[in-house]
Amino acid sequence: MEYSPVCHSLYAPWSSPVKKKLLLLSIMFFIWVYMLYSCVGYCSTMPNLVVDGYRGKETGSGLGKRTESGRTDLVSRLLAKPQPWEDIESDYEEPSIRTAASRDLLNNELDTDWEEMRDDLQQRAPEPSAMSSFSNGSGSKKLPQAIIIGVKKGGTRALLEFLRVHPDIRAVGAEPHFFDRNYENGLEWYRDLMPKTLEGQITMEKTPSYFVTREAPARISAMSRDTKLIVVVRDPVTRAISDYTQTLSKKPDIPSFESLTFKNRTTGLIDTSWSAIQIGIYAKHLDNWLQYFPMDQILFVSGERLISDPAGELGRVQDFLGLKRIITDKHFYFNQTKGFPCLKKAEGSSKPHCLGKTKGRTHPNIDPEVVQRLRDFYRPFNMKFYQMTGHNFGWD
């Protein structure tokens, strides 16, 4: 065999054992970098806290409006009133004029609970890392396939926090209020608020005021008739007191619960114009949603059982969403101080997590006679709600 100087010149640089090892290490390094990149891309799709949804509200004047041809007819159709709901016979009448105090309180209740959001972000927001920035391009933003539409003070925040533990659920942290306050901003604006997801993951959001917003069912149906809806319901009397307690914490000088409850205390006439009372007439609000969605696309979660048996209620939710039951008893422990369950390990953290100090407020003492009068008021509506949902929630 003839000796070739050319072959020798090509082989010589890699002939020594040291250089062979360097070559092998270089190959292993590149393989490791590739695997790390792939892993980071997957991890970036795990649930994390998305808090920039409210930037749109702060800069609403600069947001584009939907002005394409043909939208006018669609908006007109969406704003069409649903069929009137036949009121259950009860010894109250709908007041035509709301008291000044009640009106002020109602307007105040429409504001987002910023104190609650701030506490939640302080406890949960993870520190940004180079890895998360490196993998920011993974996945895509989609419109939500499931929405928690209500009810206020029913346990929606707790449900969302628990669901975020599931690796196949991605949810917006802040309430978008798209279908009640920001609808004119358009679906692309709404989509941009959503977190990025991979194939097989579910995008979710929660805005409890949707359940009592007349236009919300038609608007969500126009986005997608396949949207799955979740409603957390709670004893309407307890819910009303909790609602009042939240407002009282922000405005200590508001009128008493009793004075806001009654239009006329002497006759016992309930003031249903007060939102704290009106929200709890679940049957009336549900009737509006059933004009656009079948009952099998709406799941009702018991706010009481979400406290007493969180794993059981989360199991029902996971089944409803078509997900594997990953969230189980092992994820919870009961906090005796707060009086409700907490996560042993929150999403994005290795530490236990309870909801902020705005949860579990001590309710003011309410006259038992007022509480009983409210129970009598809600009873026929509760019975109707049980009949519509096929489930007795045990509030009476």
Side-chain angles (χ1 to χ4, degrees), residues 87-88 90-119 150-158 208-209 211-213 232-285 303-304 307 337-340 355-382 385 393-396:
D87 289 336
I88 297 173
S90 182
D91 57 343
Y92 83 99
E93 61 183 33
E94 295 283 352
S96 58
I97 301 177
R98 187 183 298 117
T99 63
S102 180
R103 184 184 298 107
D104 291 343
L105 182 59
L106 178 63
N107 291 338
N108 181 74
E109 289 167 342
L110 293 176
D111 294 334
T112 301
D113 192 344
W114 292 106
E115 183 185 39
E116 173 185 321
M117 185 179 298
R118 180 199 62 204
D119 292 342
V151 299
K152 180 184 179 185
K153 307 310 295 180
T156 59
R157 170 56 61 180
S209 54
F211 188 63
V212 298
T213 299
V232 187
V233 290
R234 181 184 183 187
D235 181 339
V237 177
T238 308
R239 197 220 67 81
I241 296 173
S242 179
D243 200 333
Y244 173 80
T245 302
Q246 175 177 298
T247 307
L248 183 66
S249 69
K250 295 182 287 185
K251 295 186 66 176
D253 57 342
I254 62 173
S256 68
F257 180 85
E258 290 84 348
S259 63
L260 291 169
T261 297
F262 295 103
K263 181 182 179 183
N264 188 317
R265 180 64 188 271
T266 303
T267 62
L269 197 63
I270 302 294
D271 186 356
T272 57
S273 68
W274 183 27
S275 67
I277 299 297
Q278 191 179 87
I279 290 173
I281 309 176
Y282 302 140
K284 184 174 183 178
H285 304 302
E304 287 83 10
I307 295 175
T337 303
K338 283 185 168 290
F340 49 73
L355 298 181
K357 66 180 182 180
T358 61
K359 299 301 181 182
R361 297 184 181 96
T362 302
H363 290 179
N365 293 323
I366 307 297
D367 186 342
E369 181 183 342
V370 174
V371 173
Q372 186 57 50
R373 181 66 190 87
L374 277 175
R375 294 206 176 281
D376 294 339
F377 166 77
Y378 279 120
R379 186 169 293 110
F381 297 106
N382 291 344
F385 183 64
F393 289 89
W395 298 324
D396 300 284

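Remember, predicted model here, so these are calculated numbers, not experimental data. Quick note: residue numbers are just sequence positions, from 1.
Note on Arg265 versus Asp367: salt bridge recorded, some NZ/NE/NH1/NH2 to OD/OE distance being below 4.0 Å.
Applying the ring-ring contact (aromatic ring centres under 6.0 Å, His included) criterion to Phe393, with sequence neighbours excluded, gives Phe385, His391, Trp395. Contacts of Ser209 classified as side chain to side chain donor-acceptor pair (under 3.5 Å), with partners at least two apart in sequence or in another chain: His177, Asp180. Partners of Phe257 according to the ring-ring contact (aromatic ring centres under 6.0 Å, His included) rule, which considers only residues two or more places apart in sequence or in another chain, are Tyr244, Trp274. For Arg379, the salt bridge (Lys or Arg N to Asp or Glu O under 4.0 Å) criterion is met by Asp376, Asp396, not counting sequence neighbours. The salt bridge (Lys or Arg N to Asp or Glu O under 4.0 Å) check on Arg239 picks up Asp243, with sequence neighbours excluded. The side chain to side chain donor-acceptor pair (under 3.5 Å) search around Thr261 returns none, not counting sequence neighbours.
At least one side-chain heavy atom of Asp235 sits less than 4.5 Å from a side-chain heavy atom of Arg375. Looking only at side-chain heavy atoms (C-beta outward), Val151 and Val212 stay at 4.5 Å or farther from each other.
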Test log, rule side chain to side chain donor-acceptor pair (under 3.5 Å), inputs Thr245 and Ser242: CA-CA 5 Å; Thr245 302; Ser242 179; 5.7 Å; no
Go through Ile270 and Lys263 one step at a time and tell me if the side chain to side chain contact (heavy atoms under 4.5 Å, CB included) criterion holds. CA-CA 6 Å; Ile270 302 294; Lys263 181 182 179 183; over 6 Å; no
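In this structure, Pro255 and Leu260 approach most closely via the heavy-atom pair O-CD1, 3.9 Å.
Around the CG atom of Asn365, the shell of radius 6.0 Å holds no more than 12 heavy atoms that belong to other residues, nucleotides or ligands.
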